[in-house]
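Structure, as structure tokens:
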Amino acid sequence: MALRRTRADAPRVSRKDRRGRDPFRVGVATVIGIMIVSYFGFTKANPFASPFTFKAEFPSANSIRIKSPVRIAGVNVGSVTGVEGIKGTTNSLVTMTMKDEALPIHKDARLKIRPRIFLEGNFFIDVRPGTPSSPTISSGDTIPVAQTAYPVQIDQVFTSLQRDTRKDLQRTLQELGSSLTAKPTPAQDADQSPVVRGKSAAQALNDAISYGEPALRSSAIQQQALLGTSKDDLTNLVRGLGGIGTELHSREAQLLTLVDNFNTTMGALASESTALRSTVQKLGPTLQNTYVALGHANDAFPNIRAFTLELIPGVKETQPTIDAVTPWIPQVRALVSEPELGGLVKDLQPATSDLAGVTNVNTSLLRTGDKLAKCFRDVILPAGDVKLNDGQFSTGKENYKEFWYSVVGLSSEGQNFDANGSYVRFQTGGGQYPLTLKGGTLGKEDDGSPIVFHGNSIGKPLATRPAWTTKPPYNFTADCYKQAIPDFANTPSGPSDGATP
């Protein structure tokens, strides 16, 4: 039967000979663990968390302390963890830790130090997270001083209004009042506009109110235009101005130089105050004319806009046109090359010179042809359109028609012929009226004498019309188109020089 050994039967070992955990160390570790758990239990801090931290540059720390609250819309979302000065300036750099529910914070965020209520005391930092369209900042980024502000303390107000300052302010107000109510002297009125002569500054300002309505209307239009065409235009403008302010802040030395140069410029302008005063007086009519000119330009804008809109399709087709023409250009270049049109041009150069000479010669021919065309237009054709009144022999037809009718009749009469050839017979047979025709126009005998024809007419010749004359009515020294149209109605009649009844 086996015997079981109990704890009471185990041999005793002295404390110094024991091996295992040291009770003292275990007790110390337990106490430290309890203290750590109690600390984090009361402070609610998480040692394993990585909080979001960023910095902001303020013109003044203004009593901000470590652990001062950071609020958004009055709700605590973080605390101040550090305040330090910026070397070379009076600004302060404040470090803040934010809770996750306060994120995101945008780059156009604005921060301001505000006083807490009386029972709370001290100050807090009021954060406006910025617009959602702006990029967000990362942990460790810094908000520039252009986007921060601090409140003016009452002691600063009292300090700025010392006794001497208050007296200077009173004196300034008195001088301002007297300058507004004082009547101008004749010398002061001499170079003023007629509408303000004899009036005090206050009266002139009151009269200027009547011009306020159009001026304010224009200002309202300008302010409306500053809003931009979309909701983010003004935000982008402010953001850009903020960037400019940041850059200006980083270049304080250059700004000091700019201020000195500006002061010098203002001094130079002050020395030319008389000329500037004259210039300002003339600005009124100039601005009025400019306003009228801008009004005309504004009236032209709708037409310009319509033209621009009509031009847009053409502009869109410009690139396709260029693309279509581009393959054609190498072909044209090859066409005008030396083996093609270039050689042809060289071959045509002698002919071109000859053609130029022909052109110079044809100039006089064209002038003559022009005169001939004018002669037909102004004299020959109008004369052919005249209707001749020949008594019982009148046909009522135009002159040119009677001519061609007679030619057709002569052609028919001239169909008779004998061994001597064709002939025309007029009034064949005899009569009681002898008739003799003679003249150089009838031809000449073999001995050179004029041919004379003798015959008898059954009727008594009345006369020839027009009367025969050896001198034509035209002036051959003047151009044809400048001659008068023959007066057929008043043409004289009479016996021919070669006809004897």
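For the single chain, residues carry numbers from 1 onward in sequence order. Note: hydrogens, waters and symmetry copies are ignored here, and every other heavy atom, side chains too, is used.
- The OG1 atom of T359 lies 11.5 Å from the CG atom of L365; values are rounded to the nearest 0.5 Å.
- The backbone N or O of T95 lies less than 3.5 Å from a partner atom in the side chain of T81, making a donor-acceptor pair.
- S134 places no side-chain N or O within 3.5 Å of a backbone atom of G130 that could act as its donor or acceptor partner.
- With rounding to the nearest 0.5 Å, the separation of CG in L372 from CG in L366 is 12.0 Å.
- Residue L311 holds its CG atom at 8.0 Å from OG1 of T318, rounded to the nearest 0.5 Å.
- With hydrogens and angles disregarded, a donor-acceptor distance shorter than 3.5 Å links the side chain of T148 to the backbone of E57.
- The distance from the OG atom of S79 to the CZ atom of F124 is 14.5 Å, given to the nearest 0.5 Å.
- No side-chain heavy atom of Q170 sits under 4.5 Å from any side-chain heavy atom of L173.
- Looking at D141, its side chain never comes within 3.5 Å of a backbone N or O of I137 through a donor-acceptor pair.
- More than 12 heavy atoms of other shown residues, nucleotides or ligands fall within 6.0 angstrom of atom CD in Q254.
- Within 6.0 Å of NZ on K183 lie more than 12 heavy atoms contributed by other residues, nucleotides or ligands.
- Taking all atoms of both residues into account, the shortest heavy-atom contact from L111 to A56 is CD2-CB, 3.9 Å.
- Residues satisfying the side-chain hydrogen bond (donor to acceptor under 3.5 Å, both in side chains) criterion with K199, sequence neighbours excluded, are D207.
- Counting non-hydrogen atoms of neighbouring residues, nucleotides and ligands closer than 6.0 angstrom, the CZ atom of R239 exceeds 12 such neighbours.
- Using a 4.5 Å heavy-atom cutoff, the side chains of T97 and F52 are not in contact.
- Side-chain contact check for K112 and Q147: no donor-acceptor pair (N or O, by modelled atom type) lies under 3.5 Å.
- Residues K107 and T136 come closest through the heavy atom pair CE-O, 3.9 Å.
- Sorted by first and then second residue, the disulfide (SG to SG under 2.5 Å) pairs with a member in residues 347-378 read C375-C480; sequence neighbours excluded.
- In this structure, Q203 and S200 approach most closely via the heavy-atom pair OE1-N, 3.1 Å.
- Closest approach of V127 to P129, counting heavy atoms only: O-CD, 3.8 Å.
- No more than 12 heavy-atom neighbours from other residues, nucleotides or ligands sit within 6.0 angstrom of CD on E272.
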When you look at F54 and T142, which way does the side chain to side chain contact (heavy atoms under 4.5 Å, CB included) test go after all the steps? CA-CA 6 Å; F54 74 100; T142 301; over 6 Å; no
Which is it for R377 and Y481 under the side chain to side chain contact (heavy atoms under 4.5 Å, CB included) test, yes or no, and what are the steps along the way? CA-CA 8 Å; R377 182 193 65 187; Y481 69 93; 5.9 Å; no
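- By the neighbour-count criterion of 12 heavy atoms within 6.0 Å, atom CD of Q288 is sparsely surrounded, having that number or fewer from other residues, nucleotides or ligands.
- Taking all atoms of both residues into account, the shortest heavy-atom contact from P382 to F376 is CD-O, 3.7 Å.
- Remark: the backbone N or O of T257 is paired with a side-chain donor or acceptor of N261 at under 3.5 angstrom.
- In this structure, the side chains of M98 and V70 come closer than 4.5 Å at one or more pairs of heavy atoms.
- Of the charged side-chain nitrogens involved, at least one lies within less than 4.0 Å of a carboxylate oxygen, so that R114 and D126 count as a salt-bridged pair.
- With contacts defined as side-chain heavy-atom distances shorter than 4.5 Å, the pair K55/I143 does not qualify.
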The test is side chain to side chain contact (heavy atoms under 4.5 Å, CB included); show your working for K401 and E398 and say whether it passes. CA-CA 5 Å; K401 292 182 179 180; E398 289 81 353; 3.3 Å; yes
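- Rounded to the nearest 0.5 Å, atoms CD1 (I105) and OG (S138) are 11.5 Å apart.
- Across F58 and V145, no two heavy atoms sit closer than the pair C-CG2, 4.2 Å.
- With hydrogens and angles ignored, the 3.5 Å screen pairs no side-chain donor or acceptor of S68 with any backbone N or O of I64.
- Considering CD1 of I312 and CD of E310, their distance stands at 9.0 Å, rounded to 0.5 Å.
- Remark: the backbone N or O of T286 is not paired with any side-chain donor or acceptor of N289 at under 3.5 angstrom.
- Although no hydrogens or angles enter the test, the distance criterion places a donor-acceptor pair under 3.5 Å between the side chain of T368 and the main chain of S364.
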